[in-house]
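In what follows, a structure is listed as C-alpha cells, so that the remarks can point back to it.
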Amino acid sequence: MDVAFMRKSFALIAKGLVEKEELLRKEPTRYPYSKTLQHGINMFLSACHQAGRIENVFQYADESAFLEHFITKPIYEWFSGWDQKAIEEMKLQEEPFYAYDAFAYRRSDHMYIPSSDCFEFLDTQDSDIMDGTDEHILYKKMIVLNQDNYCKIRKYIIENPIITIDERREMSLELADNPAAREAFQFAYEEIIDDFYRCPCCGWTMIHGKYGYNCHSTHCTDITPEFSESDKISCSNSTLFRLKKGIMRYFAAPGKLELEIAAFCDKKKIQYALWPQMDQYDVEIRFSDGELWEIDAKAYRNPIALRTKIQNKKKFSDGDYAKGFFVIPDEYVQNQRNYTAIINRILTGQNNVKCVTLRSLKMEINRKEESLYEKK
C-alpha cells in the first residue's frame, strides 16, 4: 500500500457515488449498485486493515454499511483509529483528499447525494477515472466541433440550465445542418420528471425530499431559504428539460464566471474571445496596444482542489501572452482569506501567472487601461 493506492481508492469512491446517482436517475425503482464504488470501498478497507486499524473494518465491506458509517463524515474522520505512524509515514495530511468535507449527504434511508466536495475531488483526477461521466462524454462530443459551434453550445448551456421543449426544438433546428453539434446539445439535457423549485443561487432545479432540498451543489442548499408552495414549478402542464447534474456542475456553474469576465470586457469596450483554441483557456483579452492576457476561470470552493488540478496540469497554457490569471469568484475568499496565497505558492517559474479574485482581475484590467490612456 502506498499513497497512489489511497488516491485511487478515493477517486473510485467519488466516481462510484456519481455513477450510483446516474443509475438511480435511469431506474428510480431499483437500488443502484456501483462496481466502481465497491472497488474503491474494498481498496480503502484493505488500506485500513494494513494500517493497523483496531476495529474490524471489514464489517463495512457491504456498500450500505460503508455509506452509513463513512460517507457523510469529513474525510479526515475516515482515518480515525489508524496507527498514527502510518499516517505520518504516508504523509496523508498533505494529500488533497484529506482536506475534503463529506463526499455525500443522505437523501433517504439508503440513498445518498454526492456533495460539491465529491465533484471537486473527482474533477482533479485523471481522465481514465472521469471516463464515462456525463461531463466527460459531453466534452468529447464538443471537442470535435468547430470553434463557432463549440462556443455557441457552451454559451447556451451556461445561460440556460432549464429549457422548455419548444426551446429544445428551436435550438435543435438551428443545429440541424450539423448532426454532431445537435447531438452534443441534446446530450447535455435530460427531461425533468419531478416538480421542482428553481434554485435562486444557480438557476438549476432544487427538489425537496425527506432530508431537505438538493441541488447540484451543497452550497446552494446551505444558503437557500425556505420555499412556499407558490414557488414550486410543476412538470404536469409542460415538458421541461434541465442540464444533467455533472454538466451543470462542470460546464454551466464555472461558465457563469467566464461570462461575467466577458461582460466586464464588453462594458470597458475591450476586445476579448471566449474559449479560444477550442477551450485551451477560458477568456483571451487583447488590449489596444496588442498586449494579450489569458484567463482561466476556476470554480473550486476548496483551494486544495484547485491546487491539485493546477499541479496535475504542470503549467499554465502555452501561448504568447503577457499575463495569465487563474480567476476565482470573490465569495471564495470570504471564509478562506488565504485562498489565492495557497495557489500562488505553487506557481513557481511562472512569474507572469497568478491566482486572483474576480474583483482583483477587474482592478488589474482598469490599471492597464489607465496606463494606456496616460500614454496617449
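These numbers come from a predicted model, not from an experiment.
Between atom CG of residue Leu67 and atom CG of residue Leu37 there is a gap of 5.5 Å, rounded to the nearest 0.5 Å. Expressed to the nearest 0.5 Å, how far CD1 of Ile41 lies from OG of Ser34 amounts to 8.5 Å. Interatomic distance, Leu372 CG to Arg367 CZ, rounded to the nearest 0.5 Å: 13.5 Å. Summarising the geometry, atom OH belonging to Tyr339 is positioned 11.5 Å from atom OG1 belonging to Thr357; distances are rounded to the nearest 0.5 Å. In this structure, Gln271 CD and Lys269 NZ are separated by 14.5 Å, a value rounded to the nearest 0.5 Å.
Using a 4.0 Å cut-off between charged nitrogen and carboxylate oxygen, Lys368 and Glu291 count as a salt-bridge pair. Salt-bridge formation is not detected for the pair Arg249/Glu135: no Lys NZ or Arg NE/NH1/NH2 atom is positioned less than 4.0 Å from an Asp or Glu carboxylate oxygen. Comment: Glu369 does not engage Lys268 in a salt bridge, judged by the lack of any side-chain N to carboxylate O separation of less than 4.0 angstrom.
Residues Asp195 and Ile233 have side chains not in contact (no heavy-atom distance under 4.5 Å, counting atoms from C-beta outward). Taking the side chain as every heavy atom from C-beta outward, Ile157 and Leu138 approach each other to under 4.5 Å. The side-chain heavy atoms of Lys323 and Val353, taken from C-beta on, include no pair separated by under 4.5 Å. The closest side-chain heavy-atom distance from Leu274 to Val283 is below 4.5 Å. The side-chain heavy atoms of Lys245 and Ile113, taken from C-beta on, include a pair separated by under 4.5 Å. For the pair Met6/Glu95, no side-chain contact is recorded, criterion being any heavy-atom separation below 4.5 Å from C-beta on. Side-chain contact check for Phe325 versus Glu364: some heavy-atom pair is nearer than 4.5 Å.
Between the side chain of Asp134 and the backbone N or O of Ile247 there is no donor-acceptor pair closer than 3.5 Å. Checked by atom type and distance alone, the side chain of Ser115 pairs as donor or acceptor with a backbone atom of Phe103 at under 3.5 Å. At distances below 3.5 Å, at least one donor-acceptor pair connects side-chain atoms of Asp117 with backbone N or O atoms of Asp101. Between the side chain of Lys73 and the backbone N or O of His69, at least one donor-acceptor pair lies under 3.5 Å. Formation of a donor-acceptor pair under 3.5 Å by the Asn178 side chain with backbone atoms of Ala181 is found in this model. Between the Ser80 side chain and the Glu77 main chain, no donor and acceptor come within less than 3.5 Å of each other. A distance-only check finds no donor-acceptor pair linking the side chain of Lys298 to the backbone of Val327 [under 3.5 Å]. Side-chain N or O atoms of Arg182 include one that pairs as donor or acceptor with a backbone N or O of Ala176 at under 3.5 Å.
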Item to check | Check against ring pair (Phe, Tyr, Trp, His ring centres under 6.0 Å), Trp293 and Tyr321 | outcome: CA-CA 5 Å; Trp293 290 7; Tyr321 55 89; over 10 Å; no
Next on the checklist: Set out, in order, the CA-CA distance, both residues' side-chain angles and the distance that settles ring pair (Phe, Tyr, Trp, His ring centres under 6.0 Å) for Phe66 and Trp78, then state yes or no.
Outcome noted: CA-CA 11 Å; Phe66 180 88; Trp78 293 25; 5.6 Å; yes
Checklist entry - Given Glu174 and Lys152, is the salt bridge (Lys or Arg N to Asp or Glu O under 4.0 Å) satisfied, shown in steps? => result CA-CA 11 Å; Glu174 285 187 32; Lys152 181 176 184 176; 2.9 Å; yes
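Closest approach of Ala61 and Gln38 over heavy atoms only: O-NE2, 2.9 Å. Shortest non-hydrogen contact noted between Arg106 and Thr72 is N-CG2, 4.1 Å. Residues Lys20 and Pro32 approach most closely at NZ-O, 2.7 Å, considering heavy atoms. Of all the heavy atoms in Leu347 and Phe326, the pair that sits closest is CD2-CE1, 3.9 Å. Closest approach of Leu243 to Asn160, counting heavy atoms only: CG-O, 4.2 Å. The shortest heavy-atom contact between Met206 and Cys199 is CE-SG, 3.6 Å.
Of the candidates Phe79, Phe44, Phe10, Phe44 is the only one forming a ring-ring contact (aromatic ring centres under 6.0 Å, His included) with Phe70.
Residues passing the ring-ring contact (aromatic ring centres under 6.0 Å, His included) test with Trp275, sequence neighbours excluded: none. Taking Asp266 as the reference, Tyr272 meet the side chain to side chain donor-acceptor pair (under 3.5 Å) condition, with sequence neighbours excluded. Taking Lys362 as the reference, nothing meets the side chain to side chain donor-acceptor pair (under 3.5 Å) condition, with sequence neighbours excluded. Checked against side chain to side chain donor-acceptor pair (under 3.5 Å), Lys244 has no partners two or more places apart in sequence or in another chain. Contacts of Ser172 classified as side chain to side chain donor-acceptor pair (under 3.5 Å), with partners at least two apart in sequence or in another chain: Gln186.
In this pair, Phe121 and Tyr100 present their aromatic rings perpendicular. The plane angle is above 60°, beyond the 30 to 60° band.
Within 6.0 Å of CG on Asp289 lie more than 12 heavy atoms contributed by other residues, nucleotides or ligands. Applying the 6.0 Å contact sphere to CD1 of Ile193 captures no more than 12 heavy atoms from other residues, nucleotides or ligands. The number of heavy atoms from other shown groups lying within 6.0 Å of NZ (Lys155) does not exceed 12. Arg337 CZ: 12 or fewer foreign heavy atoms inside a 6.0 Å radius. Within a 6.0 Å sphere centred on CD of Glu68, heavy atoms belonging to other residues, nucleotides or ligands number 12 at most.
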Under 3.5 Å, sequence neighbours excluded: what are the donor-acceptor pairs made by side chains of residues 300-308?
unit_1 : atom_1 : unit_2 : atom_2 : d
Tyr300 : OH     : Asp123 : OD2    : 2.3
Arg301 : NH1    : Glu331 : OE2    : 3.3
Arg301 : NH2    : His219 : NE2    : 2.9
Arg301 : NH2    : Glu331 : OE2    : 2.8
Asn302 : OD1    : Ile304 : N      : 2.9
Thr308 : OG1    : Ile304 : O      : 2.9

